[in-house]
Amino acid sequence: MDLAALLNEAQHRAVTHGEGPLLVVAGAGSGKTRVLTYRFAHLVRDRGVDARSILAVTFTNKAAREMGERIRGAIGGTAGTLAIGTFHGFGARFLRREAALAGLDPAFVIYDTDDQERLLRDTIKEIGIPHASWTPGALRSRISALKGQLLTADEAPAEKPQDQVIRRAYAEYERRLRERNACDFDDLLLWPVRLLRDDENVRERWCGRYAHLLIDEYQDTNGAQHELVRGLATPPWNVFAVGDEDQSIYRWRGARIGNILEFEETFPGTAIHRLEQNYRSTGRILAAANAVVQRNRSRRPKTLWTERGDGERIVLACAPTDLGEGRWIAREVQELIRGGMRPGDVALLYRTNAQSRALEEGFRRAGVPYVIVGGLRFYERREVKDLLAYLRVLVNPRDDLSLVRAIGAPPRGIGEKTLERLRGLAAERGVPVALALLLAGELAGVRAATARALVDLGDLLDRLRARLAVEPAAAIARQIIEETGFVEALRAEGGPEAASRIENVQELVSGMQEFAERTNDASLTEYLTEVSLLSDVDAWDDGIGRVSLMTLHNAKGLEFPVCFITGVEEGLLPHPMSMEGDGDLEEERRLFYVGLTRAKDRVFLTRAATRLRFGGRIDTLPSRFLREIPAELIDDAGRSATSSVEWFPRGPAGAGGGGPRDEERAGAPARADAAWESEPILDANGREAELRIGERVRHPVFGDGLVLGTSGHGETLKVTVEFGWAGVRKLFAAFASLQRIG
DNA sequence: ATTTGGGTTGTTTTT
DNA sequence: CAACCCAAAT
């Protein structure tokens, strides 16, 4: 392994760094993964470090898997299990070992967002949360934010009146989690950190167990993850962190750029290495990305460079409608494929999952193979969760939430009343709810048939539990499906979805089988943990020869020869919902930056002049970020300006039954250049108040609102504004006397 | 207890 | 324009 030949100078210096903390500031496409991989291999091969004493943390399981393969390739296949995974994956392993100290049994289950909200729904009802405005979702995210900062219910702020509500809900939620032998995503980080801080024995077991910590995407770590790194590290602090503040896009879920900006303070004596040579993108793509991100103020100066040629210009395209955007892209992709590109080389990136619908339509029509990464997650689908609920109850009979799910799928005619009695019986006898099923015959006031159904279920679970140790999960699942008539019940539901639900069930069972073969481990707990922590990208099979559609967030860390960034509009990118606080616009800009830097050779920026949103069709304006790209990098002469008709087909044929409304609107906004400029809006006094989508405005009657879009021109120009209590309204700009507010 | 219907609601990104 | 939640009917 000749590192000097495999790496550039900066990479080589980072990889061969000696003892002590190191921060690698690695720009997009600068060989970050390469550096991490060779660092690992270098430690093992050249420095004699035991591979088992290195912990590598990546952002996704997929990245972990790929890194593991490359490392094995570099150090020879003899290495055993390598400790490479995500923060949450590591946390789960940690917590299984130390479960008792966290008040859990090692067979605990991990609740996902949906489970958490179900739990909170009951909690809200029972403890009587005063303000009706508290939805389970709102409470969940507040509790999650507190946990991300390592705060318990007692330690949470208690200043404002709403703080009391949150504290009470948090405390009760925690109690219920424990009662069900369950934890949530945040607990997987929080408990390890807490135990490392407070428990001498835990420290003895885990501190220094890893002589080297390799952490990827450090800019997106939250408070708890940062503390976990701190808690695991010991002198001489061999923490090898890689990150890029320009790619921090998870501030909204608690990521602290501060962790990377203050890395040196956390780990005194930190050496910093910078990787600025980009190996991925063409000169023009890189120049555009640099120009955009340089507008951000909260960053350290850095300019990526490349030895690749200029490459093609960035193409701008504006279609008349969102459906038209998809069709235009599909055609363009067909064109690229004719030119020798493969479908798998192309990615469509968007800000919101909802955009995939319209894009998909274009691809379906054109017959171009595509795959959607993310969106409705497989393991979050109802039928999948229903079947998994049986397995979860099997390993953890205290999981009341999953038991309720299992009882209801297929429906057994058992409702709240009976469940309450069952819970009461379980509590009285001091047994887990699932085990109380067998005693259902003793329930007072329950009809014989109902009790029978409960006992039958209890009996099924009982028999399966006995086979758990000797039979693979897939066989157990098949037995459940067969005995409960799971598939028949789905079929009986009918509807267009039934067939796909049944398919999903079958896919789930093959997935279990595949897991057992791949990991050589039939443990149901392991399987359930894995599926709980699977991310969208983990489930994505690249190289499958299809165009990939995904959110900009999911695209982090990936690269494609051709990228289409779609919906480059005000109201979408940047997204108004994310622009409430300071620095939020900068995060949206970084998201755009991440999108641009995914591309190796070609970038297409597309938008729709009108889009279906909020139940109506609204006109859109180009994203402000477009103006930040130097004009000479953009191809506007050939495409957008002169050939809009040809490029943006109109009428029934092109608009596909969009009707006269589509046609009528298609002409104007598609005329390229003008459509990329924002239009002035006149207020009541005839003054030009240039409103932009996403801006906040004040109306004399409706109060403050958010500009969502405009339609019409001149005197008939209307503005769509979302007001608080007054809802979404279309107003004539000339009469509305809207005022911009700070 | 479940189903159906109405009305409401809300629409960002995710481990 | 969904999807979704809740309430009344069967």
Side-chain angles (χ1 to χ4, degrees), chain A residues 57-64 85-92 110-114 116-117 121 125 135-138 140-141 144 147-148 184-189 217 220-222 224-225 248-255 349-355 357-358 373-377 379-380 382 407-408 410-419 446-447 449-450 453 493 529-539 550-556 567 571-580 584 587-588 590-592 594-595 611-618 694 706 708 722 727-728:
Chain A
V57 181
T58 58
F59 200 66
T60 63
N61 293 297
K62 184 179 161 64
T86 63
F87 271 110
H88 288 91
F90 173 78
I110 301 165
Y111 277 4
D112 67 12
T113 308
D114 178 62
Q116 294 178 56
E117 290 182 8
R121 223 187 314 274
K125 268 191 208 127
T135 63
R140 189 199 54 80
S141 82
S144 176
K147 285 187 165 188
D184 61 24
F185 289 131
D186 299 306
D187 286 328
L188 298 177
L189 307 171
E217 309 277 14
D220 279 325
T221 53
N222 68 13
Q225 291 166 332
S248 166
I249 54 176
Y250 284 104
R251 217 178 63 142
W252 56 272
R253 70 165 196 209
L349 310 178
Y350 37 81
R351 177 69 229 271
T352 67
N353 282 306
Q355 289 168 253
R357 264 272 234 71
V373 182
L376 267 187
R377 279 209 197 56
Y379 290 101
E380 285 173 13
R382 192 198 50 151
I407 288 177
R412 288 181 170 83
I414 286 152
E416 202 48 50
K417 228 173 27 206
T418 313
L419 282 171
V446 172
R447 281 190 317 202
T450 309
E493 274 176 32
T529 303
E530 170 161 304
V531 303
S532 297
L533 300 179
L534 230 40
S535 74
D536 288 335
V537 175
D538 295 332
M550 67 183 85
T551 62
L552 288 160
H553 283 91
N554 273 333
K556 188 166 88 150
L572 222 41
L573 183 67
H575 200 293
M577 293 302 282
S578 71
M579 294 203 289
E580 269 138 30
D584 287 344
E587 178 145 314
E588 293 291 299
R590 287 193 293 271
L591 206 44
F592 186 46
V594 165
R611 192 176 285 280
L612 283 175
R613 262 185 115 185
F614 302 98
R617 185 167 288 284
I618 60 163
L706 191 66
L708 296 174
E722 181 185 36
V728 177

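Per chain, numbering begins at 1; letters A, B, ... match sequence-line order. All values below were derived from every heavy atom in this structure, side-chain atoms included, with hydrogens, water molecules and symmetry-related copies excluded.
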- Task: Choose from B:dT14, B:dT15, B:dT12 the nucleotide whose nearest atom is closest to any side-chain atom of A:Y250.
- Result: B:dT14
- Message: The side chain of A:H553 is closest to which nucleotide in this list: B:dT15, C:dA2, B:dT14?
- Response: B:dT14
Specify the separation, in whole Å, of atom [atom1] of [X] and atom [atom2] of [N].
{"X": "A:F592", "N": "B:dT12", "atom1": "CZ", "atom2": "P", "answer": "21 Å"}
{"X": "A:R611", "N": "C:dA2", "atom1": "CZ", "atom2": "C1'", "answer": "16 Å"}
{"X": "A:D220", "N": "B:dT15", "atom1": "CG", "atom2": "C1'", "answer": "11 Å"}
{"X": "A:L552", "N": "B:dT14", "atom1": "CG", "atom2": "P", "answer": "10 Å"}
{"X": "A:E588", "N": "B:dT13", "atom1": "CD", "atom2": "P", "answer": "11 Å"}
{"X": "A:N554", "N": "B:dT13", "atom1": "CG", "atom2": "C1'", "answer": "9 Å"}
{"X": "A:L419", "N": "B:dT2", "atom1": "CG", "atom2": "P", "answer": "10 Å"}
{"X": "A:L533", "N": "B:dT15", "atom1": "CG", "atom2": "P", "answer": "10 Å"}

- Query: Between the base of B:dT15 and the side chain of A:H88, is there a donor-acceptor distance below 3.5 Å?
  - Reply: yes
- Task: Check every strand shown and say whether A:R357 touches a base, only sugar-phosphate, or nothing at a heavy-atom separation below 4.0 Å.
- Result: sugar-phosphate
- With sugar-phosphate meaning primed atoms plus P, OP1 and OP2, does A:T60 contact a base, only sugar-phosphate, or nothing at under 4.0 Å between heavy atoms? nothing
- May I ask you to say whether A:D184 pairs ionically with A:K147, meaning some side-chain N is under 4.0 Å from a carboxylate O? yes
- In terms of side-chain geometry, is the basic nitrogen of A:D584 or A:R251 positioned less than 4.0 Å from the acidic oxygen of its partner? yes
For [X] and [N], is the shortest distance between a side-chain N/O and OP1 or OP2 below 4.0 Å?
{"X": "A:R251", "N": "B:dT13", "result": "no"}
{"X": "A:T551", "N": "B:dT14", "result": "yes"}
{"X": "A:N353", "N": "B:dT11", "result": "no"}

- Look at the aromatic rings of A:F185 and A:H88 and report parallel, tilted or perpendicular, splitting at 30° and 60°. perpendicular
- Relative to the ring of A:Y250, is the ring of A:F59 parallel (under 30°), tilted (30 to 60°) or perpendicular (over 60°)? tilted
- Which atom of A:L572 lies closest to which atom of A:G567, heavy atoms considered: CB-O, 3.7 Å
